[in-house]
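Chain A is the first sequence line, chain B the second, and so forth, proteins listed ahead of strands; every chain is numbered from 1. Note: hydrogens, waters and symmetry copies are ignored here, and every other heavy atom, side chains too, is used.
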Amino acid sequence: MTTTATGGPRLRFAPSPTGSFHVGGARTALYNWALAHSMGGTFVLRIEDTDEVRNHPQWTAGIIDALAWIGIGADDPVFEGPYFQSENAQAHLDAAADLYARGLAYYCDLTTEQIQARAADSGRPGYDGYSRDRGLGPGPGHVLRFRVPDGTTVVEDLVRGRVEFDNATIEDFVLVRGNGTPVFLLANVVDDLSMRIDHVIRAEEHLPNTPKQQMLFEALGAPVPVWAHVPVLVNEQRKKLSKRRDKVALEQYRDEGYLPEAMVNYLMTLGWAPSGDTEIVAWDRIVDEFRLQDVTHSPAFFDIRKLEAFNGDYIRMLSVDEFIDRCRGWIPGDWDAERFVVMAPLVQTRVATLAEVAPMVEFLFVDDPVRDERSWTKAMGPEWAAPLLDESIAAYETAEWTADALKGALEAVGETHGLKLGKAQAPVRVAVSGRSVGPPLFESLEVLGRDETLRRMRGARADVTTG
RNA sequence: GCCCCCAUCGUCUAGUGGCCUAGGACACCACCCUUUCAAGGUGGCGGCACGGGUUCGAAUCCCGUUGGGGGUGCCA
């Protein structure tokens, strides 16, 4: 196993490649990452791929990409890995053999059905330790079970405090499957041991596993790591975020135009808050202030609305040049770059995600923008719409082609109808863009040019007559 | 069922016995600004689940109740 020279604490993030990368996993990774930095430690990435049926290589690549997107990657010296749990299978089996040799584990040949039947008969759920003293040896279909000792197991948790478990409530759990492969509980502990992990920070759903793993550390004669179980992320129904029913894929947020720095910042505020009266803070400060002891104890609702607000703030914090740069990939490559540069600052304050950029200015880059019926009806409805269009067309045929002049001209036309600019601009806006909302109108017209503006206005005017 | 965790505005949180007539953020509402829509500014609505203790004093400590959640696999 490779090691780094930092000598500080060693933390790990150990996802299993069973699907797209979960935002909850991202937060756990971020917590580990922040701590690795603030404590001068090492962040170890270990892919837990011991589930033969759900182990898909493409998911592993997805995890690594997603982590890189939020700033966690091999280009940082704090990062170590990725390691693959499956590659350590022999070490897991060696540990199992050791446990068996020392009488701390035993073989059992009961099938799941038989265990359930016994439980039903006795009225007590779970495995009853039937094979504890039957002296069975290894064999096909024989699972190796840990002999849970009497007493209580006390877990010292950095966020929960002291948690006590009566060992009598913990059944003799399986270490090695009937097919000879090690299960998570064992593999996880053995790997943490061989990778010299001393801080285990993971989601609260693992808390019930912890006494079992702690017993394993003790049985293996190893020091117990520092535990920290952070609350899970939940949906609106307050249920743990699930891949099946909730929008949890980090990749999806990336593809919808969320900025990684906004996502990182938001994720960190779920279960924790920076000091001061704003939650929008730079990563450096998060690293500086984040402490496990300050993590909340209760589940946090993953609120996409708030994420969106964060994202909008982050977009607005960008310089215009940066914003334009970030828009690359979000707007068609054949769009006139100069034209977009002019519009960019006007768009920047109006979007919450990068995905909203192109639709907002599309009308400036296509020949015939889609006409929104509701907008059309509303804007062209008043009887003054047609004459106003006529008069502004006339004015625009000779007006100086600058936003200010265009605004002044329309203002004057509106006045003759007793209209404020807010009302008067509506028919022109819909005529040119097809919609009633969009970027500032006169700047848009300036960019569009006299010929195209007049063409669209005349076309719209004709349609008003037609009805 | 059993084991474990949790409980401050709708949501995310600050609060670690007096600084709390409980602070901030998101959302929402109003007003201002204004070429639509945003952004921005100002203001507002809104919370310590309940009941007992402990204490001169409790959002903060203890117990109970209720309510949520997690786990209960030869998944991780």
Compare the minimum distances between each of U36(B), G40(B), A25(B) and the side chain of Arg316(A), then state the nucleotide with the smallest one. G40(B)
Counting only side-chain heavy atoms from C-beta out, which of C74(B), A38(B), C5(B) sits nearest to Val183(A)? C74(B)
Taking the ring centre of each residue, are Tyr266(A) and Tyr258(A) less than 6.0 Å apart? no
Run the ring-centre check on Phe184(A) versus His92(A) and record whether the distance is less than 6.0 Å. no
With a 4.0 Å cutoff (strictly under), does any side-chain N or O of Lys212(A) reach OP1 or OP2 of G71(B)?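 So the side chain of Lys212(A) is outside the cut-off, no N or O lying under 4.0 Å from OP1 or OP2 of G71(B).
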Can you check whether Lys306(A) has a side-chain N or O nearer than 4.0 Å to OP1 or OP2 of A27(B)?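 So the side chain of Lys306(A) is outside the cut-off, no N or O lying under 4.0 Å from OP1 or OP2 of A27(B).
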Are [X] and [Y] close enough for a salt bridge, meaning some N to O gap below 4.0 Å?
{"X": "Glu356(A)", "Y": "Arg350(A)", "result": "no"}
{"X": "Arg285(A)", "Y": "Glu289(A)", "result": "yes"}
{"X": "Lys239(A)", "Y": "Asp246(A)", "result": "no"}

With Lys247(A), which residues qualify under salt bridge (Lys or Arg N to Asp or Glu O under 4.0 Å), at least two apart?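 Per chain and number, Lys247(A) pairs via salt bridge (Lys or Arg N to Asp or Glu O under 4.0 Å) with Glu256(A).
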Please determine whether any donor N or O and acceptor N or O are separated by less than 3.5 Å between the side chain of [X] and the base of [N].
{"X": "Asn209(A)", "N": "A76(B)", "value": "yes"}
{"X": "Arg305(A)", "N": "C26(B)", "value": "no"}
{"X": "Arg238(A)", "N": "U11(B)", "value": "no"}

Which pairs, protein N/O on one side and nucleotides 13-16 of chain B N/O on the other, fall under 3.5 Å?
unit_1: U13(B); atom_1: OP1; unit_2: Gly271(A); atom_2: N; d: 2.4

Near-strand residues of residues 167-174 of chain A, defined as heavy-atom separation under 4.0 angstrom from RNA chain B: Thr169(A), Val174(A)
